[in-house]
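First up is the structure itself, then whatever we jot down about it.
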Amino acid sequence: MSRSEEDEAPDAAAAAAAAHRKGAAGRGGAGAGAAMGLYGVVRYHLAPPFILLAFPCAVQVLAQLGQGEPLEARALLVRALGSAFAWTVVGAWVAWAWLWLRLPARTVEGPATLFGYTPVYQDNGVLYYWASLVAFFTAQALWPGLSAGLWAQMPELLGALNTTALLLCAYLRAKAKRRPEHPADRQPPRPAAYEFYCGLELHPRLLGVDVKQLTNCRIGMMGWQLLIIAFYVASVQRHGFSAATLVNLLLQSVFIAKFFWWEAGYFSTLDITLDRAGYYLCWGCLVWVPCLYTYSSYFLVAHPPSLGAWGAAGAAALGMAGILLNYRVDLERQLFRAAPRGQCSLWGRPASFLVVSYRDAAGAPRQSRLLTSGCWGVARHLNYTFELVGALAWCLPGLGLGPWPFLYFFFLVVLLVHRTFRDEEKCAEKYGAGWEEYCKLVPYRLVPFVF
Ligand SMILES: NC(=O)C1=CN([C@@H]2O[C@H](COP(=O)(O)OP(=O)(O)OC[C@H]3O[C@@H](n4cnc5c(N)ncnc54)[C@H](OP(=O)(O)O)[C@@H]3O)[C@@H](O)[C@H]2O)C=CC1
Ligand SMILES: CC(C)CCC[C@@H](C)[C@H]1CC[C@H]2C3=CC=C4C[C@@H](O)CC[C@]4(C)[C@H]3CC[C@]12C
């Protein structure tokens with residue numbers, strides 16, 4: 001693979017190439033080659049079909065279990081087809097999210113791609129967030145059974161979302177093959193299931209809107225917010241007020257509101273600049289987020305919490321600290337990257353940084369800066385650490401109810417540890433010796449002196 005092809009390749013291809021080079025250069029020998037071969041078979045041939053089949057089934061099972069219902073194959077299958085209510089909700093929800101991306105609004109540019117395209121996004125996230133809340137509460141006032149219905153029909157809702165998301169992913173793959181939006185953004189051919197899983201295009205558009213802004217931000221994140229409100233209302237209708245349930249709702253709501261406040265910053269993250277629009281992101285945001293990210297709140301409707309008011313207050317304090325510190329870490333990098341020549345002040349002192357070099361897709365030399373002070377001088381992914389603290393805190397109201405209310409937290413540990421390695425592989429590829437120097441100055445990934 002040539003240098004420029006590698007730059008344009010998705011994370012997986014670049015990482016595989018990097019891993020391959022490391023293996024070949026570092027260890028050499030038949031053993032290392034066989035290990036790399038096995039890794040390739042698992043990564044490209046075995047894992048994608050497994051995930052494509054297992055995860056849609058898993059969400060249906062989780063939804064059924066969360067209601068305290070026995071697992072019965074026929075019920076699972078029937079409910080996975082959806083219901084008139086579920087399809088109406090999904091249709092209305094997708095149309096609402098799409099409409100808000102079509103309304104006249106200020107726009108914001110995302111980072112230019114290596115193939116020379118600058119994506120443009122609607123910058124009306126905060127207004128959309130509040131308008132969606134108002135619309136939801138109005139609907140709840142008109143149909144008092146709405147929240148309880150959403151909870152009771154969650155398996156049907158996930159079934160409808162599953163079908164919608166899988167059709168969207170199939171369409172995106174076919175479109176990328178036949179009519180790619182940016183022909184310079186070509187991918188080397190890979191096994192079909194792998195392509196379906198990773199996606200092919202970086203910034204596809206559909207019906208005049210950016211697909212990732214629609215699925216990730218507007219449907220997934222806002223769906224998360226509205227569902228947990230519905231679950232809270234359903235829980236109060238069933239069991240009355242509980243401080244622990246309220247803390248569970250409020251912490252997540254602060255986290256989600258913060259996301260919309262920072263939506264423009266999200267366009268510079270791995271999801272947008274590196275990951276392509278396929279099953280991982282689009283199915284993930286349309287189905288996995290509504291199912292797993294809301295699961296602690298969903299579970300508490302059928303299983304009321306036993307955590308008392310003092311425990312709830314402790315969880316609230318811990319969660320607020322985690323969420324605000326996560327935001328602080330992201331903000332420090334945003335301020336630093338926006339400051340001319342990196343000249344800004346952090347923690348009362350001028351920021352210190354490394355100037356690092358890389359090459360763009362055309363092979364032209366470029367420079368960037370890596371912060372070595374403030375939060376980014378403490379650990380290389382302190383934002384992930386605080387994100388985990390926040391997530392743990394909003395799962396704590398489920399303490400004493402077994403592992404289920406903590407499912408999101410367990411998933412997030414795996415996702416963020418994996419993401420740490422993925423991101424560092426990307427940075428090592430991009431900055432080479434500059435990244436190694438940064439790692440010497442900031443030796444820990446998530447927790448100082450531990451990892
Ligand atoms: N709840 C959830 O499911 C998840 C939440 N998140 C959250 O989303 C947010 C964004 O996370 P994510 O996109 O994963 O990654 P980061 O925000 O950590 O961004 C990583 C990038 O930052 C740049 N960078 C790395 N080190 C430095 C440094 N020292 N100084 C300046 N820039 C640096 C590099 O990009 P460059 O090429 O520009 O140098 C690197 O690729 C976080 O708050 C995270 O916690 C993330 C994943 C999942
Ligand atoms: C297919 C599944 C096995 C995995 C699907 C994972 C995706 C749904 C999630 C992967 C990364 C996630 C996110 C990244 C960063 C975010 C910023 C944060 O402030 C809010 C949450 C999020 C948008 C988050 C959403 C889910 C993912 C896209």
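Every number for a ligand or one of its atoms is a count from 1 in the order of the listing. Counting from 1, the numbers follow the sequence of the chain as shown.
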Query raised in the report: Between Lys440 and Glu436, is there a side-chain N and carboxylate O pair less than 4.0 Å apart?
Result: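 The answer is no: the pair does not qualify as a salt bridge.
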
Query raised in the report: Would you call Arg218 and Glu263 a salt bridge, using N to O less than 4.0 angstrom?
Result: yes

What is the closest protein heavy atom to [atom], and at what distance does it sit?
atom	value
atom 44 (C) of ligand 1	Glu387 OE1, 3.5 Å
atom 8 (O) of ligand 1	Trp262 CH2, 4.3 Å
atom 13 (C) of ligand 2	Asp271 OD2, 3.5 Å
atom 9 (C) of ligand 2	Tyr293 OH, 3.7 Å
atom 21 (C) of ligand 2	Met221 SD, 3.8 Å

Query raised in the report: Do Asn383 and Asn326 have side-chain N/O donor and acceptor atoms under 3.5 Å apart?
Result: no

Would [X] count as a contact of ligand 1 if the rule is a heavy atom under 4.0 Å away?
X	result
Val329	no
Arg380	no
Phe259	no
Tyr438	yes
Phe386	no

Query raised in the report: What part of Phe259, side chain, backbone, both or neither, has a heavy atom within less than 4.0 angstrom of ligand 2?
Result: side chain

Query raised in the report: Could you go step by step and tell me if Asp185 and Arg276 meet the salt bridge (Lys or Arg N to Asp or Glu O under 4.0 Å) rule?
Result: CA-CA 11 Å; Asp185 183 25; Arg276 287 160 192 269; 2.9 Å; yes

Query - Tyr266: which of Phe259, Tyr121, Trp261 passes ring pair (Phe, Tyr, Trp, His ring centres under 6.0 Å) - result: Phe259

Query - Heavy atom of Glu387, distance to ligand 2 below 4.0 Å - result: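 Outside the 4.0 Å threshold, so no.
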
Query - 4.0 Å heavy-atom contact, Trp262 with ligand 2 - result: yes

